[in-house]
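In what follows, a structure is listed as structure tokens, so that the remarks can point back to it.
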Amino acid sequence: MEYPEFPDDAGYTLIRDVLSGKSGKSVKIRGWIYRTRSSGKLAFVVVRDSTGVIQCTVSRDKVAKSDFDGASKALIESSVILEGEPVKDDRAPGGWEIRASKFEVFHFAETFPITKDQSDEHLLNNRHLWLRSRNMVSALKIRSTVFKAFRDYWTNLDFTEIQSPSFTTSACEGGSTLFNVSYDDENEESGQKFYAHLSQSWQLYAEATMFGLENIFTLAPSFRAEKSRTRRHLTEFWHAEVESAWLHNHQMMELEEGMIVYILKEVLSANRTELEFLGRDVSVLENIKAPFDKIKYEDVLDKLNSMGFDLGWGDDFGYKEEKALTQELRSPLYITHFPKEKGFYHRPDPSDPKALFCHDLLAPEGYGEIIGGGERVWSPDELIERIKEEDLEPESYGWYLDIRKFGSVPHSGFGLGIDRTVSWICGSDHIKHVIPFPRTMRRTTP
RNA sequence: GCCGCUGUAGCUCAGCAGGUCAGAGCAUCCGGCUGUUAACCGGACGGUCAUCGGUUCGAAUCCGAUCAGCGGCGCCA
């Protein structure tokens, strides 16, 4: 295969600008073939770039023979460079087309494995190619805005972004969902089963880092070896977490509301086209305003029981319960004051010690939990007591307990599941549709 | 960990009371068409029916095991 020289690097027009009618009389476009049809004298080549798709007509009488031959035989995903006149034409999908005067196929693609007949499995096996699809491109643009908005919101509040390790020996959730990392040769000699775990959350590290910086956040992957096979779970997911000194649970909740509203505002302003391409009902997102409804755990029990469930104090809400609560909602919902068994690190409410100063934020429309957070236990003695109550060993929390011995203060924090949030914003039916290379229990490739 | 499902051509699937059942559409290739909207017309190419074993005169079809994958639950973000 002979490759052409590296083409001119200037003078190209984005397809988005051609479609908006802003371009001049003649434009140069570069991109990839999205669809193609041809007859003996006329080829219709729909070309995409990262900003859109546009139909190009290549007429045998109006271009060099080699250009027409190339346009006729090039397969989907061939890369092309073309010049021509933009024309408003209702016969073209999108309302505009380019009548080509030059049409160069930069690289003839082999037969693209993804055609109109698609299955989940095939698209996952060919994820490295499916990333070119308008679905993936739209979702990833929205995802990028969510990351940026999260970062901007907390930076504007003077929070400091920090990084915590992914290799750790501390568990913050149950040990059953920890990934083990081996250090091959050394393990065999020492008899050690593993070298470290992969982090499930930055929280323990955040509480240590907080004492210097006071207000901090991070954007990082977390790892959970759950055997979960649902549309809401990944084994490697992106975790946006915040920790703040001198802050009560209810104050943290207010900041979170502001964050959600800010993220939505940014996405609506930057990604309306993408939301609409994905078929999202944008009005739902437009109508979300703070403050969100807040309901205590024990009141949720009553509400669910009145809907036909049979729950008592201490029972957890499964997805069925979450779905029942959020299916008809159009705005996020807070649940607070969970039973203290939910987490040893959350601070019990002094006026109701069986319940915690903590909260979950449930996304509406049946999407369910996207945030878990709360006020942390700050008294060293109380923390040790809580660890023992939960049948955990204080010895395994050595340095985490240590930080409480030196000027402990009240503080709160939360974790936001970014992928779940993007999934909700996109109106996606599966979390794996909004991350480039999803990782689940049975898929680590491509 | 538990429950359920799937595996037949490159892709999507049909065929499964066992006996011309190796099929269709799409893709690809060849031919045709000056306006197509993942077009249309004609032709060609294409499969150890996931793997291994069993039942049977005979297995894509029934049974078992294995492998791969998908969905849901519990748990969580």
Side-chain angles (χ1 to χ4, degrees), chain A residues 33-46 53-62 68 72-73 75-76 87 89-95 97 99 109-126 129-130 133-134 172-178 200-203 220-241 315-323 338 342-343 359-363 367-373 414-424 429-432 435 438 440-443 445:
Chain A
I33 295 181
Y34 181 67
R35 304 281 184 262
T36 176
R37 296 170 283 280
S38 67
S39 64
K41 296 180 179 172
L42 189 61
F44 300 95
V45 184
V46 182
V53 302
I54 192 166
Q55 172 166 289
C56 304
T57 55
V58 186
S59 179
R60 193 177 62 184
D61 304 334
K62 293 182 180 153
F68 182 77
S72 300
K73 76 174 195 207
L75 301 179
I76 284 176
V87 177
D89 191 324
D90 290 339
R91 292 173 298 181
E97 68 180 20
R99 306 227 169 112
E110 295 179 22
T111 305
F112 201 60
I114 301 172
T115 63
K116 69 168 183 174
D117 294 316
Q118 303 162 352
S119 66
D120 255 10
E121 185 174 354
H122 190 240
L123 295 184
L124 284 168
N125 289 338
N126 291 283
L129 302 175
W130 182 237
S133 69
R134 297 180 78 190
C172 54
E173 312 285 342
S176 65
T177 65
L178 285 164
Q200 299 169 309
S201 163
W202 82 325
Q203 186 186 326
S222 282
F223 305 87
R224 306 246 170 117
E226 291 157 353
K227 308 284 197 300
S228 305
R229 314 189 41 72
T230 79
R231 64 191 62 200
R232 307 176 304 288
H233 285 88
L234 297 167
T235 47
E236 177 178 352
F237 69 96
W238 280 80
H239 215 168
E241 298 182 271
D315 286 343
D316 259 319
F317 305 141
Y319 181 63
K320 264 182 293 204
E321 288 81 2
E322 271 187 18
K323 194 168 178 185
F338 281 89
K342 185 172 167 77
H359 60 272
D360 282 358
L361 181 67
L362 308 187
Y367 280 90
E369 183 175 357
I370 56 173
I371 284 178
F414 74 90
L416 167 76
I418 291 244
D419 317 278
R420 284 186 179 180
T421 304
V422 177
S423 182
W424 162 53
D429 61 7
H430 201 299
I431 194 169
K432 72 191 172 197
I435 184 169
T440 64
M441 283 309 284
R442 290 189 186 162
R443 185 171 289 279
T445 182

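Naming: A, B, ... by sequence-line order, numbering from 1 per chain. Reckoned from all heavy atoms, side chains included, excluding hydrogens, waters and symmetry mates.
With E369(A) contributing its side chain and D360(A) its backbone, the two residues share no donor-acceptor pair below 3.5 Å. A donor-acceptor pair under 3.5 Å is absent between the side-chain atoms of R232(A) and the main chain of Y367(A), judged by distance alone.
Spacing between A27(B) and U12(B) at atom C1', rounded to whole Å, works out to 11 Å. One P atom belongs to C67(B), the other to G31(B), and the distance between them is 49 Å to the nearest Å. Only the P atoms considered, U51(B) is 15 Å distant from A59(B), to the nearest whole Å. For the P atoms, the distance from C13(B) to A9(B) is 11 Å, rounded to whole Å. A gap of 13 Å separates the P atoms of G46(B) and G23(B), to the nearest Å. Across C40(B) and C2(B), the matching P atoms stand 49 Å from one another, rounded to whole Å. For the C1' atoms, the distance linking G15(B) with G25(B) amounts to 15 Å, nearest Å. Rounded to the nearest Å, the gap between the P atom of G43(B) and that of C26(B) is 12 Å.
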What is the per-nucleotide protein-contact pattern of nucleotides 33-39 of chain B, from the 5' end, where B denotes a base atom under 4.0 Å from a protein heavy atom, S denotes such proximity for sugar-phosphate atoms only, and - denotes neither? BBBBBBB
Across nucleotides 66-74 of chain B, 5' to 3', mark each nucleotide with B, S or - according to how protein heavy atoms within less than 4.0 Å reach it. ---BBBBBB
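E97(A) pairs by the salt bridge (Lys or Arg N to Asp or Glu O under 4.0 Å) definition with R99(A), not counting sequence neighbours. With sequence neighbours excluded, the residues that form a side chain to side chain contact (heavy atoms under 4.5 Å, CB included) with T115(A) are D117(A). F44(A) meets the ring-ring contact (aromatic ring centres under 6.0 Å, His included) test with no other residue; sequence neighbours excluded. The side chain to side chain contact (heavy atoms under 4.5 Å, CB included) test applied to N125(A) returns E121(A), R443(A), not counting sequence neighbours.
Across every strand in view, U37(B) sits unpaired, with no contact that passes the Watson-Crick or G-U test at under 3.5 angstrom. A 3.5 Å limit on both hydrogen-bonding distances identifies G4(B) as the Watson-Crick or G-U partner of C70(B). Searching all strands for a Watson-Crick or G-U wobble partner of G42(B) with both distances below 3.5 Å returns C30(B). Nucleotide A17(B) forms a pair with no other nucleotide shown, judged by Watson-Crick or G-U wobble geometry with both contacts under 3.5 Å. Checking C62(B) for Watson-Crick or G-U wobble geometry (two distances, each under 3.5 Å) identifies G54(B) as its partner. Judged by Watson-Crick or G-U wobble contacts below 3.5 Å, the nucleotide A24(B) has U12(B) as its partner.
Of all the heavy atoms in G415(A) and E241(A), the pair that sits closest is CA-CG, 3.8 Å. Scanning all heavy atoms of the two residues, the minimum distance from L416(A) to T421(A) falls at CD1-OG1, 3.1 Å.
Atom pair L416(A):CG and A77(B):P shows a separation of 11 Å (rounding to whole Å applied). The distance between atom CD of E241(A) and atom C1' of A77(B), rounded to the nearest whole Å, is 9 Å. With rounding to whole Å, Q200(A) atom CD is found 11 Å from C75(B) atom C1'. A straight line from CD of E322(A) to P of A77(B) spans 10 Å, rounded to a whole angstrom. For I435(A) and A77(B), the CD1 to P distance is 17 Å, given to the nearest whole Å. Per the geometry, NZ belonging to K342(A) stands 10 Å off C1' belonging to A77(B), to the nearest Å.
Within 4.0 Å (heavy atoms only), I371(A) reaches sugar-phosphate atoms of the nucleic acid but no base atom.
With values rounded to the nearest 0.5 angstrom, H233(A) atom NE2 is found 10.5 Å from H430(A) atom NE2. We find the CD-CD1 distance between E110(A) and I76(A) to be 14.5 Å, quoted to the nearest 0.5 Å. To the nearest 0.5 Å, atoms OG1 (T57(A)) and NZ (K62(A)) are separated by 7.5 Å.
Each of T235(A) and F112(A) has a nearest nucleotide on RNA chain B; the 5'-most of these lies closest to F112(A).
Annotated as syn: U48(B), whose O4'-C1'-N torsion sits within 90° of 0. By the rule that a glycosidic angle within 90° of 0 means syn, A68(B) does not qualify and counts as anti.
When the side-chain nitrogen and oxygen atoms of T111(A) are compared with OP1 and OP2 of A27(B), none of them lie within a distance under 4.0 Å.
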